[in-house]
Participant: 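Below are the structure tokens for one structure; questions will follow.
All ligand and atom numbering here is 1-based and tracks the order in the structure. The basis for the numbers below is simple: all heavy atoms, side chains too, and nothing from hydrogens, waters or symmetry mates. As the structure is a computational prediction, the values presented were derived from the model and not from experiment.
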Amino acid sequence: MIQVVTPQHMQAIDDASEVPLDELIARAGAAVARAAIRQLGGTYGRRVLVVAGPGNNGADGRVAATRLRERGVRVAVVDALDLPERLPRADLVIDAAFGTGFRGGWQFPDVGATPVLAVDVPTGLDAATGVAGPSTPHAVRTVTFQAAKPGHVFADGPARCGDLEVVDIGLGVDRADALLVDAAAVRHWLPHRPTDAHKWREAVRIVAGTPGMTGAGHLATTAAQRAGASLVAVSSPGVDADAPVEALDRRVPGFDWYTAVLDDLHRFRSLVIGPGLGREEHTVASVLRCVEDAVVPMVIDGDGLFALAWNEAGSPAVLVDREVPTVLTPHDGEYGLLTGRRPDDDRLAAATSLADTTGATVLLKGPATVVATPGEVPLIVDAGDERLATAGTGDVLAGIIGALLARQIPAHRAAAAGAFVHGLAVQRCASVGVIAGDLVEQLPAVFTDLLATDA
Ligand SMILES: NC(=O)C1=CN([C@@H]2O[C@H](COP(=O)(O)OP(=O)(O)OC[C@H]3O[C@@H](n4cnc5c(N)ncnc54)[C@H](O)[C@@H]3O)[C@@H](O)[C@H]2O)[C@@H](O)CC1
Ligand SMILES: Nc1ncnc2c1ncn2[C@@H]1O[C@H](COP(=O)(O)OP(=O)(O)O)[C@@H](O)[C@H]1O
């Protein structure tokens, strides 16, 4: 997995390093020159413009300029603080104006359609949060050093950075602030089914859906089945519609259904509660009883999170005493209900603080999803894309995580692996018109491909 380190932490690593700064800059500049040559597809007859600032980011760019000249590239270097009225023509612009030391108030010049290669971060992109300034260029590629920064993966980061290249320049990273989840990690986390498998061994209990929102129960159930649950029992309180044929249809009344759910919950390996349950007072009461008394790992999603927030003692009080893992899956609005404030731009900190106050695993949804658990390095999943922003995809995610918990994957990894396969599933879907059920259909192939690749 790629390490993610905050800019402040990277500065401390830099300060503590025994490698002299000049050497780090030489290595960084050489890596930028190599990336530029790859981007140009050669050196002969190619022209590069380097916009170089007054700090170390500019120094990286000047070294790259020297290396490129040595390779026969025609290079012009312009001073970011003294830009000429007309920029020299080029096949590639290297943005070495400012990196993590940028303080705002400087405009990146208009380079038209010329591709931009950014050094460390495109100028003006906040490396801590990914929020771009008004003139931040859209780079085709960004070369960063030793570790990715949160700004590369959150907010405007992915769109402004283009392809991200992380280059080892010999700085020892003592600890990562987060890890970017990849296929190799998820493959490693997935258990093989034992030959003596038994249908109750990976059984998932789901409470989701109400009259008028029966789809939530259906989506979570089929997602859990397709993510490897050996058996799924589903209840949609007050609903008489049929469950999927392969699932156990556990009909429960619209009120006080917690007794029926808790009754034989010990037979299951996980409980998914919340998608499409509604926000009635009696629903809140039943959800809270389940959270307090459930003896199996739980995923609490959607209206289950509303129920947690809507109780006088506050969600931490309900959760901290749980002796088995709990995964909370808020989007920004649900995070706001739980904490009284929507997450700010520092999404790693937002997820981590909710995890710390509740003792739960928190999966904070978004274009890049963060998974935080007390005592674990946060995980970031950026496998999905905007096609996931459609009704019901969260219900699918909850079902997948429920199945992975039932398959005995620890909560932190189960949540991140769930978000990762959810993202891979959408990659296999059509470019337009994707609905949540399409993700479910893709899951067996996603898992099959993941397990078949030997990276
Ligand atoms: N540990 C690492 O990650 C390494 C980082 N390196 C590079 O070092 C960069 C950080 O270097 P610096 O701390 O020198 O920061 P920058 O190179 O981003 O720029 C800081 C300088 O720019 C000036 N400045 C900032 N905003 C301005 C504005 N709006 N108008 C005019 N002047 C402005 C500041 O006064 C300061 O002199 C990284 O982005 C990276 O490119 C590499 O050199 C090698 C090692
Ligand atoms: N722009 C986006 N890019 C990538 N993933 C997204 C984007 N918007 C939403 N998602 C993902 O889609 C899912 C939506 O979940 P949720 O909001 O709970 O949907 P619902 O409640 O309709 O089921 C989450 O997994 C979230 O991370």
Participant: Which part of Leu388 is near ligand 2, with near meaning a heavy atom under 4.0 Å away: side chain, backbone, both or neither?
Facilitator: both
Participant: At under 4.0 Å between heavy atoms, which part of Glu386 makes contact with ligand 2: side chain, backbone, both or neither?
Facilitator: both
Participant: Quick test: of every protein heavy atom, which one is nearest to atom 6 (N) of ligand 1, and how far off is it to 0.1 Å?
Facilitator: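 For atom 6 (N) of ligand 1, the nearest protein heavy atom comes out as Asp60 OD2, 3.6 Å.
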Participant: Could you establish whether Gly392 and ligand 2 come within less than 4.0 Å of each other, counting only heavy atoms on the residue side?
Facilitator: yes
Participant: Kindly assign one of parallel, tilted or perpendicular to the pair Phe102 and Phe98, based on the angle between their ring planes and the thresholds 30° and 60°.
Facilitator: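 Correct class here is tilted.
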Participant: Does Lys149 reach ligand 1 with a nitrogen or oxygen that is under 3.5 Å from one of the ligand's nitrogen or oxygen atoms?
Facilitator: no
Participant: Please state which part of Asn57 comes within less than 4.0 Å of ligand 1, counting heavy atoms only: side chain, backbone, both or neither.
Facilitator: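 For Asn57, backbone and side-chain atoms both sit under 4.0 Å from ligand 1.
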Participant: Flag Leu21 as yes when one of its N or O atoms lies below 3.5 Å from any N or O atom of ligand 1, and as no otherwise.
Facilitator: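 N/O-N/O distance under 3.5 Å: no.
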Participant: Specify side chain, backbone, both or neither for Leu81, according to which of its non-hydrogen atoms lie closer than 4.0 Å to ligand 1.
Facilitator: side chain
Participant: Is it the case that ligand 1 has an N or O less than 3.5 angstrom from some N or O of Gly101?
Facilitator: yes
Participant: With backbone taken as N, CA, C and O and side chain as the heavy atoms from C-beta onward, which portion of Thr329 lies under 4.0 Å from ligand 2: side chain, backbone, both, or neither?
Facilitator: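 It is neither; nothing of Thr329 touches ligand 2.
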Participant: Quick one: does ligand 2 sit under 4.0 Å from the side chain of Thr369, the backbone, both or neither, non-hydrogen atoms only?
Facilitator: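 The part of Thr369 near ligand 2 is the side chain, not the backbone.
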Participant: I want to know if ligand 1 touches Arg103 in the polar sense, i.e. an N/O pair below 3.5 angstrom.
Facilitator: yes
Participant: For ligand 1, indicate whether the residue Val121 contacts it via side chain, backbone, both or neither (heavy-atom separation under 4.0 Å).
Facilitator: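 Under 4.0 Å from ligand 1, Val121 contributes no heavy atoms.
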Participant: Any N or O of Pro367 that comes nearer than 3.5 Å to an N or O of ligand 2?
Facilitator: no
Participant: Which is it for Asn56 and ligand 1 at heavy atoms under 4.0 Å: side chain, backbone, both or neither?
Facilitator: both
Participant: Is Gly104 in polar range of ligand 1, meaning some N or O pair under 3.5 Å apart?
Facilitator: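 For ligand 1, there is an N or O atom that lies under 3.5 Å from one belonging to Gly104.
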